[in-house]
Amino acid sequence: MELRLFNTLTKEKEPFAPLDPARVRMYVCGPTVYDFAHIGNARPVIVFDVLYRLLRHLYGEGKVKYVRNITDVDDKINARAAEEYPKLPLNEAIRLVTEKTEKQFHEDVDALGCLRPDVEPRATEHIGEMRDLIERLVKSGFAYVEQEHVLFEVGKMSDYGKLARRSLDEMEAGARVEVAPYKRNPMDFVLWKPSKPNEPGWPSPSGIKTPGRPGWHIECSAMSWKHLGETFDIHGGGIDLVFPHHENEIAQSRCSFHTPIMAKTWMHNGFLQVEGEKMSKSLGNFVTIRELLTDWKGRGWPGSVVRLAMLKTHYRQPLDWTTDRLVESDVQMGVLKNTVRIANPDRGAIIPEVVAALADDLNSHLALSALMKRGNDSNDVAKTGLWLGLFKEEDFKIGRDHAAGIKTAVQEALEKVASDLVDARNAARANKDWKESDRIRDELKAMGVVIKDNKDGTTTWEIAR
Ligand code: AMP
Ligand code: ZN
């Protein structure tokens with residue numbers, strides 16, 4: 001089956017083939033860990049989880065390496081740490097904030113049915129690689145040192161702006177770039193900057209004596225290099241990251257390694273808004289994953305419902321997060337669960353139409369329609385829904401036990417009640433109390449128990465399935 005993916009770099013849907021046929025390598029920009037992730041942050045996590053599952057299906061589980069970083073160095077983290085733990089030394093406070101937030105993030109995205117990536121590197125554990133890249137860039141003339149900062153000189157790279165499809169002049173006109181005395185050109189961006197006395201700091205590169213900290217973009221160049229190599233297959237994130245973040249990652253990596261590409265395919269999910277408006281704390285429509293799972297619009301929504309709601313819309317389209325969308329998804333998830341009530345995924349196969357839809361640039365909307373199509377075999381629905389992350393293994397305990405001949409507690413209780421009623425009916429019949437005997441027969445029937453009065457006077461019964 002041919003996989004086709006839309007590449008932001010070429011603005012075309014292209015047939016996908018890994019650079020190294022023996023392994024597929026994907027990097028996705030992950031969360032900055034200082035607070036609960038919001039439902040917009042959940043979109044790339046779910047979208048690229050579906051892509052990860054598809055790649056594993058097409059190329060083999062052990063052949064795909066998925067790296068999603070954790071940004072644990074950032075001004076917002078510093079501010080939150082100082083606010084939350086004012087009495088602790090800043091570094092300790094930062095550690096507490098980032099560890100707590102990382103744990104919350106994992107709990108949330110686990111509940112949304114997302115697999116953990118193969119590697120989740122933390123920025124602060126890759127400062128050495130960042131320094132290494134910066135020194136390469138300075139040595140080869142793409143970066144310069146000025147007032148204890150290191151800057152990337154965009155004018156030195158002939159095709160800077162290729163991903164965003166903007167010329168330097170257009171970028172300068174459109175962006176609110178910081179004009180600073182240490183910049184040769186306002187578009188030059190920071191690779192390294194000095195740390196203020198109360199900020200976290202590390203030994204600086206390129207002969208700078210005072211401690212410093214990395215700029216925003218260099219961490220992803222460093223972590224993708226360390227875990228995937230100089231060039232790799234897929235780089236993903238939200239559409240807001242195209243410029244400047246991904247443009248600058250490309251500049252850093254390509255100029256460090258003198259390669260024509262950083263990643264072959266660049267993929268970006270569209271933005272999510274809530275009830276028709278951009279999500280913001282001031283508008284009061286800011287919604288975290290945790291709130292959705294526990295209490296949003298009067299109730300908690302199961303992770304599978306949130307996941308289904310997210311995948312109804314193609315990943316490149318804007319998405320409006322509404323109660324209606326959730327209610328509709330809740331109903332559909334109910335139907336799906338009902339379909340697989342006693343199914344066993346081990347006896348099913350992944351539905352080819354679902355895979356085909358996803359292989360066409362992740363057409364998740366069509367994939368869901370194919371999954372929910374009437375007439376599908378329930379074991380296939382179970383297998384496919386499990387594969388898509390909509391069901392969990394626990395959902396199939398009854399089906400598997402049933403297949404293995406293991407009775408559930410409910411079945412055992414039902415059999416006990418049925419057996420007692422059959423005894424009571426036999427007693428009524430012995431007393432020629434036909435009215436009572438008929439009443440009990442009807443009661444049994446309503447329970448789904450079919451009785452048979454045999455010629456020899458005995459009664460046998462079974463629970464109809
Ligand atoms: P951040 O923590 O802001 O760096 O964002 C983490 C990821 O979530 C990035 O890939 C962003 O592009 C993505 N993201 C943030 N807000 C939204 C949104 N409203 N809709 C879709 N993706 C978003
Ligand atoms: Zn990044």
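For ligands, and for the atoms within them, numbers begin at 1 and follow the listed sequence.
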Quick one: how many protein N/O/S atoms are under 2.8 Å away from the Zn ion (ligand 2)?
4
Here's one to test your reading of the geometry: is the NZ or CZ of Arg4 within 45 degrees of the ring axis of Phe16 and under 6.0 Å from its centre?
no
The answer, listing residues by chain and number that come under 4.0 Å of ligand 1 through any heavy atom, is Thr32, His38, Gly40, Asn41, Pro44, Gly237, Gly238, Asp240, Leu241, Asn269, Gly270, Phe271, Leu272
Is the shortest side-chain heavy-atom distance between Pro18 and Arg23 below 4.5 Å?
no
With side chains defined as the heavy atoms from C-beta onward, is the minimum distance between Ser280 and Phe286 less than 4.5 Å?
no
Can you label the angle between the Phe189 ring and the Tyr160 ring as parallel, tilted or perpendicular, going by 30° and 60°?
parallel
Give a yes/no verdict on a cation-pi contact between Arg316 and Phe6, requiring under 6.0 Å between NZ or CZ and the six-membered ring centre and an angle within 45° of the axis.
yes
When you measure from the centre of the six-membered ring of Trp296, is the NZ or CZ of Arg299 closer than 6.0 Å and no more than 45° off the axis?
no
With the threshold set at 4.0 Å, does a side-chain nitrogen-carboxylate oxygen contact exist between Arg122 and Asp72?
yes
Considering the options Glu129, Lys65, Glu120, His126, which one meets the side-chain hydrogen bond (donor to acceptor under 3.5 Å, both in side chains) requirement together with His227?
His126
For Tyr52, is the NZ or CZ atom of Arg56 found under 6.0 angstrom from the centre of its six-membered ring and inside 45 degrees of the ring axis?
yes
